[in-house]
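Structure first, commentary second.
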Amino acid sequence: MKIHEYHRPDSLEHAYTLLQQDKHNALIGGGGWLKLSKITMEKAIDLAALDLDYIKEDSNAIRIGSMTTLATMDNHFLFDTFYSGMLKDAIHGVMGVELRNIVTLGGTIMGKYPFSDILTPLITLDCELEFYKEGVLPLTDFLNRKTRVNDILVELRIKKHKGTGYFKKIAKTALDFAILNVAVTYSEGLYKIAVGSRPGRAKLALNAMQSLYESNTPDFKKAATKACEELTFGTTHRSSETYRKDLAMEYISRGLKAVTPYED
Amino acid sequence: MKIELTLNNRRELFDVAPDEMLLDTLRQHGLKSVRRGCDTTTCGVCTVLVDGLAVPSCSYLSVRAEGKHVTTVEGILEEAEKLSEHFGDEGADQCGFCNPGIALSVHALKHHVNNPGEAAIKDALTGHLCRCTGYVSQLKAIKAYLEADEDE
Ligand SMILES: Cc1cc2nc3c(=O)[nH]c(=O)nc-3n(C[C@H](O)[C@H](O)[C@H](O)COP(=O)(O)OP(=O)(O)OC[C@H]3O[C@@H](n4cnc5c(N)ncnc54)[C@H](O)[C@@H]3O)c2cc1C
Ligand code: FES
Ligand code: FES
C-alpha cells in the first residue's frame with residue numbers, strides 16, 4: 001500500500017468530495033486489508049474522524065456505524081444473545097483481538113470478501129446498508145451488484161426480529177481463512193441457510209429455504225441435500241470441491257437441528 | 001507530516017510519511033522492542049498499545065496515532081519483568097522475540113477483562129505466534145503471573 005497524501009476529513013461531505021475527485025483516491029476503514037494490498041492511493045481518505053464508530057439500538061433495528069471495529073462488536077452485550085450469539089461466534093473467530101481492534105465492519109462489507117466469516121451470518125439476517133449519497137440498499141442487493149458503489153458506507157442496520165442462529169467456520173487452523181462457512185437461522189416460520197467460502201462469496205440456498213417453508217414436517221437432510229445441489233462449490237489449495245460439499249451437507253443439517261424450535 | 005503523540009507517557013513529536021506504519025516510526029525512534037515477525041499481519045510480534053488497546057503496529061498508520069497514547073514494553077517495564085520471570089519458570093520462552101508483544105497483550109487483558117480465566121488468556125494468546133515454545137507453557141506462565149499480581 002502506498003499513500004501520496006493523507007486526509008482525515010471531519011465531515012461526510014468533505015470525505016465524499018475527496019473520493020469523487022480522482023479514481024486513485026480511496027477510503028480507509030481499519031486499513032487492515034488495504035495494508036496487505038498493492039494499492040497506490042493518490043489521496044487516502046481516513047474515515048476515523050466522522051463519529052462512525054457506534055452501536056445503537058432503536059425499536060426496529062440495531063445500527064452499527066461503518067467504522068465500528070470487529071472487537072467493539074465482539075464485546076457488545078447485544079450480540080451475546082442476538083440470534084443465539086451467532087454473529088459473535090463469527091466475529092470472535094477472526095484472528096486475534098489485536099487485529100479485531102483495527103479492522104472495521106465497513107471494510108468487511110465493502111470488501112465483499114468471499115472468505116468473510118461475517119458476511120455469511122449477516123446475509124441470513126434482515127440487513128440494510130445506508131450509504132452517504134446512494135441512500136439505503138438491502139445488503140444482499142449490494143453484494144450481488146456487479147458495479148462498484150463509489151460511496152461512503154455510513155451504517156449497517158440489522159432488523160430486530162427474534163430468532164435463533166447457528167454459525168460454523170471450518171478452517172484448517174484457528175488463524176486460517178475458512179474452507180467453508182455455514183450460517184443457519186430460524187425466525188417466524190422461516191429458515192435461512194447461507195454458505196460462504198465455497199470458495200465463492202456467501203450465498204443463500206433459496207430453494208432449500210423455500211422447501212423448508214412449504215413443508216409442515218421439514219426434512220433437514222433433504223433440505224441440506226437441496227442446498228448442496230443449488231450452490232456451487234470449488235476446489236482450491238485449501239480444500240477440494242467434494243470435501244466442501246460434504247462439509248456443507250453435514251453442517252447445514254446440524255445448523256437446522258440447532259435452530260429449529262421443534263423437537264425431533 | 002508532523003504528528004504529536006504520547007509515547008510511554010512522554011509527549012513526542014514525529015515527522016512521518018503518509019503511509020508510514022507505527023512499527024517503523026517506533027523502531028526509527030530507537031524502540032527496538034517493537035519487532036516485525038511477518039508481512040501478513042498474522043504474528044502479533046509487533047503489538048503495541050494505542051489508547052490501551054493492543055494493535056498490530058505493522059498495520060497501524062502512524063498518522064492515526066496523532067494525539068493518542070502509545071505504549072511499548074518500555075512503558076510497562078516493571079510489569080514485563082515480573083511476567084518474564086514466570087515465563088522463565090515455565091520454560092515459556094527461548095529467543096524472546098515474541099515476548100514484548102505478548103506482555104502488552106497481557107497488560108491489555110488485565111485492564112479489559114475482570115479476573116481473566118483460562119479462556120480469556122487463550123484468547124489473548126490467539127494473535128501471537130511463538131516460533132520457539134508451546135502455548136501451554138505460556139498459558140501457565142500468564143496464569144501464574146495474573147494470580148501473583150492479584151495477591152499483591
Ligand atoms: C491479516 C488478516 C486476516 C484476516 N482474517 C480474516 C478471517 O479469518 N475471517 C474474516 O472473516 N475476515 C478476515 N479478515 C478480514 C477482516 O475481517 C476485514 O473484513 C478486512 O480487513 C476489511 O476491514 P478493514 O477495516 O481492514 O478495511 P480496509 O482495509 O480499511 O478497507 C477495505 C475496503 O473497503 C473500503 N472501505 C472501508 N470502509 C469503508 C466505508 N465506510 N465506506 C466505503 N468503503 C469503505 C476501502 O476503501 C477498501 O476498499 C482478515 C484481515 C486481515 C488483514
Ligand atoms: S509484524 Fe506480524 S503481525 Fe505485525
Ligand atoms: S520465544 Fe522465540 S518466538 Fe517466542
Side-chain angles (χ1 to χ4, degrees), chain A residues 1-10 25-50 53 67-72 74-76 88-89 91-104 107 169 171 173-177, chain B residues 1-3 16-24 37-68 98 101-102 104-109 111-114 116 119-129 135:
Chain A
M1 173 181 81
K2 284 205 168 54
I3 299 174
H4 290 147
E5 263 180 51
Y6 171 87
H7 295 260
R8 195 190 301 134
D10 54 13
N25 296 354
L27 304 169
I28 308 189
W33 197 255
L34 284 167
K35 188 257 171 180
L36 296 176
S37 74
K38 294 227 182 315
I39 190 172
T40 298
M41 301 179 219
E42 198 43 54
K43 289 183 181 163
I45 309 155
D46 189 342
L47 302 174
L50 299 176
D53 176 2
M67 285 297 281
T68 307
T69 64
L70 294 190
T72 303
D74 187 26
N75 293 328
H76 201 283
K88 200 183 176 100
D89 289 345
I91 291 166
H92 203 75
V94 175
M95 304 294 286
V97 66
E98 297 77 12
L99 190 85
R100 295 197 296 273
N101 273 332
I102 62 166
V103 298
T104 60
K169 170 183 185 172
T173 67
L175 299 189
D176 202 359
F177 291 128
Chain B
M1 301 178 76
K2 299 243 181 318
I3 58 162
V16 300
D19 48 11
E20 190 169 315
M21 293 296 170
L22 197 50
L23 169 73
D24 300 301
C38 73
D39 58 3
T40 50
T41 328
T42 36
C43 74
V45 168
C46 64
T47 300
V48 300
L49 306 179
V50 176
D51 284 349
L53 288 183
V55 299
S57 64
C58 68
S59 302
Y60 194 97
L61 284 173
S62 299
V63 277
R64 278 198 155 174
E66 186 169 20
K68 297 191 193 285
C98 65
I102 295 179
L104 288 158
S105 286
V106 170
H107 177 89
L109 173 72
H111 288 83
H112 292 121
V113 181
N114 260 343
I121 301 172
K122 277 189 182 164
D123 249 11
L125 279 173
T126 303
H128 294 275
L129 301 183
Y135 301 99

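Order of the sequence lines fixes the chain letters, A, B, ..., with proteins taken first and strands second; residue numbering starts at 1 for each chain.
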Problem - Top contributor to chain B contacts, counting heavy-atom pairs under 4.5 Å, from A:K35, A:M1, A:R100 - result: A:K35

Problem - CD on B:E66 to CE on B:M1, rounded to 0.5 Å - result: 7.5 Å

Practice task
Look at B:G127, B:A17, B:A54, B:C58 and state which one has the largest set of heavy-atom pairs under 4.5 Å with chain A.
Solution key: B:A54

Handout entry: Pairs touching residues 38-48 of chain B that satisfy side-chain hydrogen bond (donor to acceptor under 3.5 Å, both in side chains), sequence neighbours left out
Key = B:T40-B:T42, B:T41-B:S59

Completion exercise
Whatever's closer than 4.5 Å to a heavy atom in chain A on B:L125 counts as neither

Practice task
Select, from A:V97, A:N75, A:L175, the one with the greatest count of heavy-atom pairs under 4.5 Å involving chain B.
Solution key: A:L175

Exercise for the section: Let me see the working for A:L34 and A:M41 under side-chain contact (heavy atoms from CB on, under 4.5 Å), right down to the final yes or no. Expected result: CA-CA 10 Å; A:L34 284 167; A:M41 301 179 219; 4.0 Å; yes

Exercise for the section: Keeping the roles fixed (side chain from B:S57, backbone from B:C46), state whether a donor-acceptor pair exists under 3.5 Å. Expected result: yes

Handout entry: Donor-acceptor under 3.5 Å (B:S62 side chain, B:M21 main chain)
Key = yes

Fill in the blank from the handout: Okay, B:H112 and chain A: the region with an atom under 4.5 Å from a heavy atom over there is neither

Handout entry: Per-residue contact mode, B:A124 against chain A (heavy atom under 4.5 angstrom)
Key = backbone

Problem - More than 12 heavy atoms of other groups within 6.0 Å of A:K43 NZ - result: yes

Practice task
Can you tell which part of B:L129 gets under 4.5 Å to a heavy atom of chain A, answering side chain, backbone, both or neither?
Solution key: side chain

Practice task
Taking all non-hydrogen atoms of both residues into account, name the closest pair between B:A108 and B:L49 and its distance.
Solution key: CB-CD2, 4.0 Å

Exercise for the section: May I ask you to name which of A:G31, A:G29, A:A174, A:A71 has the most heavy-atom pairs under 4.5 Å with chain B? Expected result: A:G29

Practice task
Answer with side chain, backbone, both or neither: which region of A:H92 has an atom nearer than 4.5 Å to a non-hydrogen atom of chain B?
Solution key: side chain

